[in-house]
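See below for the structure under consideration.
In what follows, chains carry the letters A, B, and so on, assigned in the order in which the sequence lines appear, proteins first and then strands, with residues in each chain numbered from 1.
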Amino acid sequence: MENVILYSGIALAVIMAVSLYRTVVGPTILDRLMGVNAIGSETTVLLIIIGILYRKVDMFIDIALAYALLNFIAVLAAARYFHKKKGLYDENENKDR
Amino acid sequence: MIVLTVIVGLLMAVGLFIFLTAAVGMIRFPDFYSRLHPAGMIDCMGVLLTMGGLALFALFDGGISLASFLNFAKIVLIVVFIYITSPTATHAIIDAGMRAGLQPWTKKKDM
(Lines give C-alpha, C1' and ligand atoms only; values in the text may rest on other atoms or scores of the structure.)
Protein backbone atom coordinates (compact mmCIF):
# COMPACT_ATOMS: atom_id res chain seq x y z
CA MET A 1 0.00 0.00 0.00
CA GLU A 2 2.83 2.37 0.86
CA ASN A 3 4.48 1.98 -2.52
CA VAL A 4 1.33 3.24 -4.29
CA ILE A 5 1.73 6.50 -2.38
CA LEU A 6 5.51 6.48 -2.80
CA TYR A 7 5.33 6.11 -6.59
CA SER A 8 2.66 8.79 -6.88
CA GLY A 9 4.89 11.08 -4.82
CA ILE A 10 7.78 10.48 -7.21
CA ALA A 11 5.50 11.09 -10.20
CA LEU A 12 4.30 14.32 -8.59
CA ALA A 13 7.88 15.46 -8.13
CA VAL A 14 8.55 14.86 -11.84
CA ILE A 15 5.41 16.80 -12.79
CA MET A 16 6.55 19.68 -10.60
CA ALA A 17 9.81 19.75 -12.56
CA VAL A 18 7.76 20.05 -15.76
CA SER A 19 5.80 23.02 -14.40
CA LEU A 20 9.09 24.50 -13.17
CA TYR A 21 9.96 24.95 -16.86
CA ARG A 22 7.24 27.54 -17.25
CA THR A 23 8.47 29.35 -14.15
CA VAL A 24 12.01 29.58 -15.52
CA VAL A 25 11.21 30.36 -19.17
CA GLY A 26 7.95 32.32 -18.81
CA PRO A 27 8.28 35.51 -20.94
CA THR A 28 6.41 37.79 -18.56
CA ILE A 29 6.80 38.07 -14.81
CA LEU A 30 3.17 37.00 -14.43
CA ASP A 31 3.97 33.65 -16.07
CA ARG A 32 6.56 33.06 -13.40
CA LEU A 33 4.04 34.05 -10.76
CA MET A 34 1.53 31.57 -12.15
CA GLY A 35 4.19 28.81 -12.26
CA VAL A 36 5.11 29.47 -8.63
CA ASN A 37 1.45 29.36 -7.67
CA ALA A 38 1.03 26.00 -9.40
CA ILE A 39 4.16 24.57 -7.79
CA GLY A 40 2.98 25.84 -4.41
CA SER A 41 -0.25 23.88 -4.50
CA GLU A 42 1.55 20.78 -5.78
CA THR A 43 3.96 21.06 -2.88
CA THR A 44 1.04 21.01 -0.47
CA VAL A 45 0.03 17.62 -1.87
CA LEU A 46 3.62 16.41 -1.80
CA LEU A 47 3.95 17.40 1.86
CA ILE A 48 1.03 15.19 2.84
CA ILE A 49 2.43 12.32 0.77
CA ILE A 50 5.72 12.64 2.65
CA GLY A 51 3.76 12.79 5.91
CA ILE A 52 2.08 9.49 5.13
CA LEU A 53 5.35 7.85 4.14
CA TYR A 54 7.05 8.95 7.40
CA ARG A 55 4.00 7.84 9.44
CA LYS A 56 3.70 11.34 10.99
CA VAL A 57 0.56 12.46 9.15
CA ASP A 58 -0.74 14.91 11.77
CA MET A 59 2.52 16.87 11.87
CA PHE A 60 2.80 17.13 8.09
CA ILE A 61 -0.85 18.10 7.64
CA ASP A 62 -0.25 21.21 9.71
CA ILE A 63 2.88 21.98 7.68
CA ALA A 64 0.90 21.57 4.44
CA LEU A 65 -1.86 23.86 5.73
CA ALA A 66 0.68 26.53 6.68
CA TYR A 67 2.31 26.14 3.26
CA ALA A 68 -1.01 26.59 1.45
CA LEU A 69 -1.64 29.75 3.49
CA LEU A 70 1.79 31.20 2.69
CA ASN A 71 1.49 30.31 -0.99
CA PHE A 72 -1.76 32.24 -1.24
CA ILE A 73 -0.42 35.29 0.57
CA ALA A 74 2.78 35.34 -1.48
CA VAL A 75 0.90 35.30 -4.79
CA LEU A 76 -1.42 38.06 -3.61
CA ALA A 77 1.48 40.22 -2.42
CA ALA A 78 3.39 39.74 -5.70
CA ALA A 79 0.29 40.50 -7.79
CA ARG A 80 -0.35 43.61 -5.72
CA TYR A 81 3.31 44.64 -6.11
CA PHE A 82 3.09 44.45 -9.90
CA HIS A 83 -0.13 46.43 -9.96
CA LYS A 84 1.35 49.73 -11.07
CA LYS A 85 4.91 48.78 -11.99
CA LYS A 86 5.52 49.31 -15.73
CA GLY A 87 8.25 46.67 -16.15
CA LEU A 88 5.73 43.84 -16.21
CA TYR A 89 6.39 42.81 -19.81
CA ASP A 90 8.53 44.31 -22.57
CA GLU A 91 6.32 47.03 -24.05
CA ASN A 92 7.71 46.68 -27.57
CA GLU A 93 6.55 43.04 -27.71
CA ASN A 94 2.92 44.17 -27.88
CA LYS A 95 3.27 47.51 -29.60
CA ASP A 96 4.10 46.22 -33.10
CA ARG A 97 1.12 43.82 -33.20
CA MET B 1 -7.39 -3.66 2.57
CA ILE B 2 -7.38 -4.42 -1.12
CA VAL B 3 -10.40 -2.19 -1.71
CA LEU B 4 -8.60 0.70 0.00
CA THR B 5 -5.54 0.19 -2.20
CA VAL B 6 -7.64 0.15 -5.36
CA ILE B 7 -9.64 3.25 -4.43
CA VAL B 8 -6.66 5.30 -3.28
CA GLY B 9 -4.59 4.15 -6.25
CA LEU B 10 -7.34 5.08 -8.68
CA LEU B 11 -7.83 8.53 -7.12
CA MET B 12 -4.13 9.25 -7.08
CA ALA B 13 -3.73 8.08 -10.69
CA VAL B 14 -6.51 10.33 -11.99
CA GLY B 15 -5.23 13.24 -9.86
CA LEU B 16 -1.70 12.82 -11.20
CA PHE B 17 -3.04 12.56 -14.74
CA ILE B 18 -4.73 15.92 -14.26
CA PHE B 19 -1.52 17.37 -12.85
CA LEU B 20 0.38 16.09 -15.92
CA THR B 21 -2.12 17.47 -18.45
CA ALA B 22 -2.15 20.80 -16.59
CA ALA B 23 1.65 20.99 -16.63
CA VAL B 24 1.75 20.24 -20.36
CA GLY B 25 -1.06 22.76 -20.90
CA MET B 26 0.90 25.41 -19.02
CA ILE B 27 3.80 24.90 -21.41
CA ARG B 28 1.96 24.71 -24.72
CA PHE B 29 -0.67 27.43 -24.42
CA PRO B 30 0.13 30.58 -26.47
CA ASP B 31 -0.55 33.37 -24.00
CA PHE B 32 -0.41 34.18 -20.30
CA TYR B 33 -4.18 34.40 -19.91
CA SER B 34 -4.82 31.10 -21.67
CA ARG B 35 -2.12 29.45 -19.54
CA LEU B 36 -4.03 30.35 -16.42
CA HIS B 37 -6.72 27.81 -17.31
CA PRO B 38 -4.52 24.72 -16.76
CA ALA B 39 -2.93 26.41 -13.76
CA GLY B 40 -6.43 26.73 -12.32
CA MET B 41 -7.10 23.08 -13.08
CA ILE B 42 -4.16 22.08 -10.86
CA ASP B 43 -5.59 23.99 -7.91
CA CYS B 44 -9.09 22.60 -8.30
CA MET B 45 -9.45 19.10 -9.70
CA GLY B 46 -5.93 17.86 -9.21
CA VAL B 47 -5.74 18.81 -5.56
CA LEU B 48 -9.29 17.53 -4.89
CA LEU B 49 -8.60 14.06 -6.29
CA THR B 50 -5.12 13.55 -4.86
CA MET B 51 -6.04 14.94 -1.45
CA GLY B 52 -9.24 12.86 -1.49
CA GLY B 53 -7.18 9.73 -2.03
CA LEU B 54 -4.74 10.71 0.71
CA ALA B 55 -7.57 11.63 3.07
CA LEU B 56 -9.22 8.23 2.56
CA PHE B 57 -5.92 6.56 3.17
CA ALA B 58 -5.30 8.60 6.33
CA LEU B 59 -8.80 7.69 7.58
CA PHE B 60 -8.82 3.95 6.92
CA ASP B 61 -5.14 3.15 7.49
CA GLY B 62 -4.78 1.31 10.82
CA GLY B 63 -8.49 1.42 11.63
CA ILE B 64 -10.82 4.39 12.10
CA SER B 65 -10.05 6.24 15.33
CA LEU B 66 -10.44 9.79 16.58
CA ALA B 67 -6.88 10.63 15.50
CA SER B 68 -7.34 9.29 11.97
CA PHE B 69 -10.69 11.04 11.70
CA LEU B 70 -9.04 14.32 12.72
CA ASN B 71 -6.41 13.79 10.01
CA PHE B 72 -9.19 13.16 7.49
CA ALA B 73 -11.03 16.34 8.59
CA LYS B 74 -7.86 18.43 8.38
CA ILE B 75 -7.07 17.24 4.87
CA VAL B 76 -10.64 18.06 3.81
CA LEU B 77 -10.20 21.53 5.35
CA ILE B 78 -6.99 22.05 3.39
CA VAL B 79 -8.85 21.18 0.17
CA VAL B 80 -11.67 23.60 1.06
CA PHE B 81 -9.09 26.29 1.82
CA ILE B 82 -7.32 25.76 -1.52
CA TYR B 83 -10.70 25.86 -3.29
CA ILE B 84 -11.39 29.28 -1.80
CA THR B 85 -7.98 30.88 -2.12
CA SER B 86 -6.62 29.71 -5.47
CA PRO B 87 -9.30 31.39 -7.61
CA THR B 88 -8.73 34.57 -5.62
CA ALA B 89 -5.00 34.39 -6.31
CA THR B 90 -5.61 33.75 -10.02
CA HIS B 91 -7.98 36.70 -10.10
CA ALA B 92 -5.34 38.93 -8.47
CA ILE B 93 -2.78 37.88 -11.08
CA ILE B 94 -5.17 38.60 -13.95
CA ASP B 95 -6.01 41.97 -12.41
CA ALA B 96 -2.32 42.87 -12.25
CA GLY B 97 -1.88 41.76 -15.87
CA MET B 98 -4.83 43.71 -17.23
CA ARG B 99 -3.88 46.85 -15.30
CA ALA B 100 -0.35 46.68 -16.68
CA GLY B 101 -1.81 46.51 -20.18
CA LEU B 102 -0.90 42.94 -21.18
CA GLN B 103 -3.17 42.30 -24.18
CA PRO B 104 -4.78 38.84 -24.52
CA TRP B 105 -3.51 36.80 -27.47
CA THR B 106 -5.93 36.62 -30.45
CA LYS B 107 -5.69 34.29 -33.42
CA LYS B 108 -6.04 36.86 -36.21
CA LYS B 109 -3.19 38.95 -34.77
CA ASP B 110 -0.70 36.21 -35.69
CA MET B 111 -1.96 35.71 -39.24
Side-chain angles (χ1 to χ4, degrees), chain A residues 1 4-5 7-9 11-12 14-23 25-31 33-35 37-42 44-45 48-49 51-52 57-58 61-62 64-65 68-69 71-89 91 94 97, chain B residues 1-2 4-5 8-9 12-13 15-16 19-20 22-24 26-27 32-33 35-36 38-43 46-47 50-51 53-55 57-58 61-62 67-68 70-71 74-75 77-78 81-82 84-86 88-97 99-103 105-106 109-110:
Chain A
M1 185 52 213
V4 167
I5 305 243
Y7 295 144
S8 55
L12 189 59
V14 168
I15 288 172
M16 280 166 71
V18 172
S19 61
L20 189 64
Y21 167 79
R22 174 52 59 197
T23 311
V25 168
T28 61
I29 296 179
L30 290 173
D31 287 315
L33 206 54
M34 175 198 67
N37 183 19
I39 289 181
S41 44
E42 280 164 351
T44 322
V45 179
I48 293 189
I49 288 178
I52 286 180
V57 190
D58 37 13
I61 283 179
D62 300 339
L65 186 61
L69 272 160
N71 179 35
F72 170 57
I73 291 168
V75 169
L76 273 190
R80 187 59 59 190
Y81 172 72
F82 287 117
H83 232 232
K84 300 287 184 298
K85 224 168 88 59
K86 260 302 150 227
L88 201 52
Y89 64 101
E91 269 78 5
N94 277 50
R97 279 196 181 163
Chain B
M1 195 52 196
I2 301 299
L4 181 68
T5 315
V8 171
M12 299 294 283
L16 286 173
F19 278 142
L20 185 66
V24 168
M26 268 163 60
I27 291 175
F32 162 64
Y33 296 111
R35 273 182 217 125
L36 273 175
M41 257 168 44
I42 287 183
D43 291 340
V47 164
T50 9
M51 293 287 221
L54 294 174
F57 180 79
D61 189 43
S68 76
L70 277 182
N71 288 341
K74 272 194 216 172
I75 291 183
L77 282 179
I78 288 181
F81 177 77
I82 287 182
I84 294 172
T85 54
S86 87
T88 321
T90 312
H91 180 75
I93 292 180
I94 290 181
D95 192 31
R99 279 178 195 276
L102 184 63
Q103 296 307 324
W105 177 86
T106 47
K109 268 188 192 169
D110 279 4

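Interface remark: A:Ile49 contributes backbone and side-chain atoms alike to the contact with chain B (heavy atom separation under 4.5 Å). Both the backbone and the side chain of B:Met26 come within contact range of chain A, each with at least one heavy atom under 4.5 Å from a heavy atom of that chain. Looking at B:Ile82, the atoms closer than 4.5 Å to chain A (heavy atoms on both sides) all sit in the side chain, from C-beta outward. A:Leu20 does not touch chain B: none of its heavy atoms, backbone or side chain, sits under 4.5 Å away. Only the side chain of B:Phe81 comes within less than 4.5 Å of a heavy atom of chain A; its backbone N, CA, C and O stay farther away.
Taking 4.5 Å as the limit, some side-chain heavy atom of A:Thr44 sits within range of a side-chain heavy atom of B:Met51. A:Ile48 places a side-chain heavy atom less than 4.5 Å from the side chain of B:Ile78.
Interface check for chain B: of the options A:Ile61, A:Asn37, A:Val75, the most heavy-atom pairs under 4.5 Å are formed by A:Ile61. When the candidates A:Val4, A:Asn71, A:Leu65 are compared by the number of heavy-atom contacts under 4.5 Å with chain B, A:Leu65 comes out ahead. Per-residue counts of heavy-atom pairs under 4.5 Å with chain A were compared for B:His91, B:Arg35, B:Met1; the largest is that of B:Arg35. Looking only at heavy-atom pairs under 4.5 Å with chain A, the residue among B:Ile2, B:Leu4, B:Leu20, B:Thr50 that has the most is B:Leu20.
With values rounded to the nearest 0.5 angstrom, B:Phe19 atom CZ is found 7.5 Å from A:Ile15 atom CD1. Interatomic distance, A:Ser41 OG to B:Ile42 CD1, rounded to the nearest 0.5 Å: 6.0 Å. Distance check: B:Ile94 CD1 to A:Met34 CE gives 10.5 Å after rounding to the nearest 0.5 Å. Of the inter-residue distances, the one linking B:Phe57 atom CZ with A:Ile5 atom CD1 reads 5.0 Å to the nearest 0.5 angstrom.
Donor-acceptor pairing under 3.5 Å is recorded for the side chains of A:Asp31 and A:Thr28.
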